Amino acid sequence: MGYNFGANRAAWTFFVIVYTTSVSAAAGQDNLLSDLGLDVLDRAKINISLQEYTSVLSTFLRTKDDSFEEVPELRVYRLDNLPKQGPTRKPLKMLFSVPASTDKIESATLRLLLPPQHNDPRVINIAVNQILGTRRKRFIKEEIFYLSNNLTKWCEVDVTDAVLSWTRGQKNLGLELFCRNCHNNLNPSISAITALVHSSSRRKRSIGVSKGRTDCSLRHQKGKGKRKCCRHEMHVTFTKLGFKQMGDILEPKMYEAGYCQGMCPPNYNLATNHSRIQGLMHQLNKREARNFKNKTMVVPKTCCAPSKLGDLDILIVDSQQPDKLKVEKWQNMRVLECACS
Ligand SMILES: *[C@@H]1O[C@H](CO)[C@@H](O)[C@H](O)[C@H]1NC(C)=O
Ligand SMILES: *[C@@H]1O[C@H](CO)[C@@H](O)[C@H](O)[C@H]1NC(C)=O
Ligand SMILES: *[C@@H]1O[C@H](CO)[C@@H](O)[C@H](O)[C@H]1NC(C)=O
Ligand SMILES: *[C@@H]1O[C@H](CO)[C@@H](O)[C@H](O)[C@H]1NC(C)=O
């Protein structure tokens with residue numbers, strides 16, 4: 001009686017999980033955003049200056065735990081005192097001296113300090129194009145900027161694709177900003193591109209020094225069985241998880257979270273004393289089941305699961321003070337070690 005109920009419930013739970021995950025990666029996870037504190041930021045109020053961004057980000061990168069991934073470096077390409085545009089209705093053109101290189105671009109953001117919009121609309125729509133030739137351009141991104149009626153305001157837009165192509169050797173002819181609902185009247189006083197870059201000369205830095213003893217890559221090097229329980233790499237890109245709010249995370253944009261998978265043969269890497277008992281019960285049950293041919297359920301084997309988890313430092317806009325950045329510690333965001341549990 002009790003068994004049947006349990007089995008039915010297990011089957012039902014399984015059905016629900018399969019059903020919801022097949023709808024969308026983000027469905028059924030409504031609480032995730034509030035649990036991570038990502039649901040309270042008012043995008044219209046964000047006003048992060050270039051100075052605030054570069055100073056907080058430099059400190060963040062300098063102190064970042066780099067045992068799982070390479071830490072990028074911050075590069076800033078500034079254009080100060082841009083000429084006043086006047087009443088022209090031409091799109092704003094800007095040329096940043098981003099050179100070709102073999103560096104790997106993680107992300108790049110255009111940051112503009114825009115003047116108050118006394119009578120003009122305060123919510124403007126900007127399309128950024130990469131200039132490819134006299135008549136050719138490539139669409140990069142469209143973004144909404146929330147401006148102020150009486151104060152200057154910092155606005156930002158992702159220009160990773162353009163910076164990426166310049167570093168790969170596409171001739172750098174600059175960017176063009178097209179603002180339909182403000183007649184291209186932007187007049188930024190400061191304009192800069194900030195980029196997070198993995199320098200090709202520094203890329204070979206020794207990472208993985210503190211890799212857990214169950215790391216699959218270490219095991220593979222030693223030539224032991226690949227299929228036993230170990231820690232595999234799992235590279236997560238926040239923006240691909242299906243939540244728009246995850247785009248508000250400034251750093252890291254992606255991280256290596258890890259997962260546990262593999263077989264748990266008898267006595268192999270048992271996590272706790274309980275796991276050892278369960279392992280013994282499994283063997284005992286199996287023997288009994290073989291001897292007496294009874295169909296009762298056998299205690300399952302231990303399974304490969306996280307045995308040690310680690311935190312992740314997240315750089316994000318402070319929802320209480322939208323002109324400041326803060327570092328948060330998100331708990332248990334990555335697997336450090338796996339064991340049979
Ligand atoms: C700017 O305008 C807002 C209303 O939009 C007003 O509350 C605020 O006091 C003004 N600030 C200054 C410095 O004039
Ligand atoms: C945005 O920040 C700048 C300083 O970087 C400040 O001068 C400006 O008044 C702020 N604008 C708003 C709308 O708070
Ligand atoms: C349980 O296991 C740990 C090792 O994982 C050991 O240190 C501990 O003494 C064991 N026994 C008890 C009674 O907790
Ligand atoms: C199988 O049946 C035997 C005899 O009835 C019993 O002693 C044993 O506990 C059973 N095994 C399991 C795994 O239930």
Side-chain angles (χ1 to χ4, degrees), residues 40-60 74 76-82 84 94 109-126 143-157 177 179 181-182 185-194 212-214 228-231 248 250-251 260 264-283 299 301-310 315-327 335-341:
V40 285
L41 192 62
D42 181 355
R43 293 162 151 269
K45 293 208 172 103
I46 297 178
N47 184 32
I48 300 296
S49 69
L50 182 61
Q51 158 72 30
E52 170 73 8
Y53 177 82
T54 52
S55 78
V56 177
L57 206 89
S58 309
T59 313
F60 179 83
L74 174 65
V76 182
Y77 306 93
R78 269 182 89 118
L79 300 179
D80 290 325
N81 304 314
L82 285 129
K84 189 122 178 78
M94 289 179 294
T109 308
L110 173 64
R111 296 170 192 279
L112 304 166
L113 181 60
L114 296 183
Q117 305 290 295
H118 304 288
N119 303 312
D120 300 327
R122 268 167 250 158
V123 180
I124 61 169
N125 212 300
I126 303 277
E143 194 69 70
I144 292 171
F145 289 174
Y146 302 90
L147 303 178
S148 159
N149 64 325
N150 50 13
L151 299 167
T152 58
K153 187 125 185 280
W154 286 97
C155 300
E156 54 195 72
V157 53
L177 267 62
C179 174
N181 62 341
C182 73
N185 186 20
L186 288 169
N187 281 306
S189 47
I190 302 177
S191 170
I193 287 181
T194 56
R213 62 202 160 85
T214 55
K228 283 185 190 169
C229 175
C230 59
R231 182 195 188 281
D248 295 336
L250 280 94
E251 176 63 19
C260 299
C264 281
N267 281 323
Y268 179 74
N269 188 22
L270 291 161
T272 61
N273 290 332
H274 173 271
S275 319
R276 291 148 88 173
I277 300 292
Q278 185 175 336
L280 291 172
M281 283 302 286
H282 170 72
Q283 285 172 277
V299 170
K301 271 185 198 178
T302 53
C303 37
C304 188
S307 54
K308 201 169 162 195
L309 292 157
L315 185 70
I316 197 157
V317 175
D318 187 343
S319 55
Q320 304 293 312
Q321 292 169 276
D323 57 347
K324 293 272 184 290
L325 298 176
K326 64 171 177 182
V327 180
V335 174
L336 301 178
E337 288 185 19
C338 302
C340 294
S341 179

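Nothing here was measured: the structure is a model prediction, and the numbers come from that model. Atoms within each ligand, like the ligands themselves, are counted from 1 in listed order.
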- Do you know which of L114, L113, T152 makes side chain to side chain contact (heavy atoms under 4.5 Å, CB included) with I190?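 When side chain to side chain contact (heavy atoms under 4.5 Å, CB included) is applied between I190 and each of L114, L113, T152, only L113 qualifies.
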
- Message: If the test is side chain to side chain contact (heavy atoms under 4.5 Å, CB included), which one of N185, I144, L147 qualifies with I124?
- Response: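 Filter result, single survivor: L147.
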
- Near ligand 1, which residues have a heavy atom under 4.0 Å away from one of its atoms? N149, N150

- Task: For C155, enumerate each residue passing the disulfide bond (SG atoms under 2.5 Å apart) test, keeping only those at least two apart in sequence or located in another chain.
- Result: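 Disulfide bond (SG atoms under 2.5 Å apart) list for C155, sorted by chain: empty.
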
- Query: Under 3.5 Å between some N or O of ligand 2 and some N or O of S49?
  - Reply: no

- Message: Is there a side-chain contact (heavy atoms from CB on, under 4.5 Å) between L110 and L177? Walk through the geometry before answering.
- Response: CA-CA 11 Å; L110 173 64; L177 267 62; 3.9 Å; yes

- Message: Is there a side-chain contact between L325 and F60 in this structure, where contact means two heavy atoms from C-beta onward sitting under 4.5 Å apart?
- Response: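 No, side chains not in contact.
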
- Do C340 and C264 have their SG atoms under 2.5 angstrom apart?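 With an SG-SG separation under 2.5 Å, C340 and C264 do form a disulfide.
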
Per-atom contacts of ligand 2 with [X], taking only distances under 4.0 Å to non-hydrogen atoms:
{"X": "N47", "result": "1 (C), 2 (O), 3 (C), 8 (C), 10 (C), 11 (N), 12 (C), 14 (O)"}
{"X": "K153", "result": "13 (C)"}
{"X": "W154", "result": "2 (O), 5 (O)"}

- Task: Look at atom CG of N125 and say whether more than 12 heavy atoms of other residues, nucleotides or ligands are closer to it than 6.0 Å.
- Result: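 Yes, because the 6.0 Å sphere around CG of N125 holds more than 12 heavy atoms from other groups.
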
- Query: Is the number of heavy atoms from other residues, nucleotides or ligands within 6.0 Å of NZ (K45) greater than 12?
  - Reply: no

- Query: With a 4.0 Å cut-off on heavy atoms, does T152 reach ligand 2?
  - Reply: yes

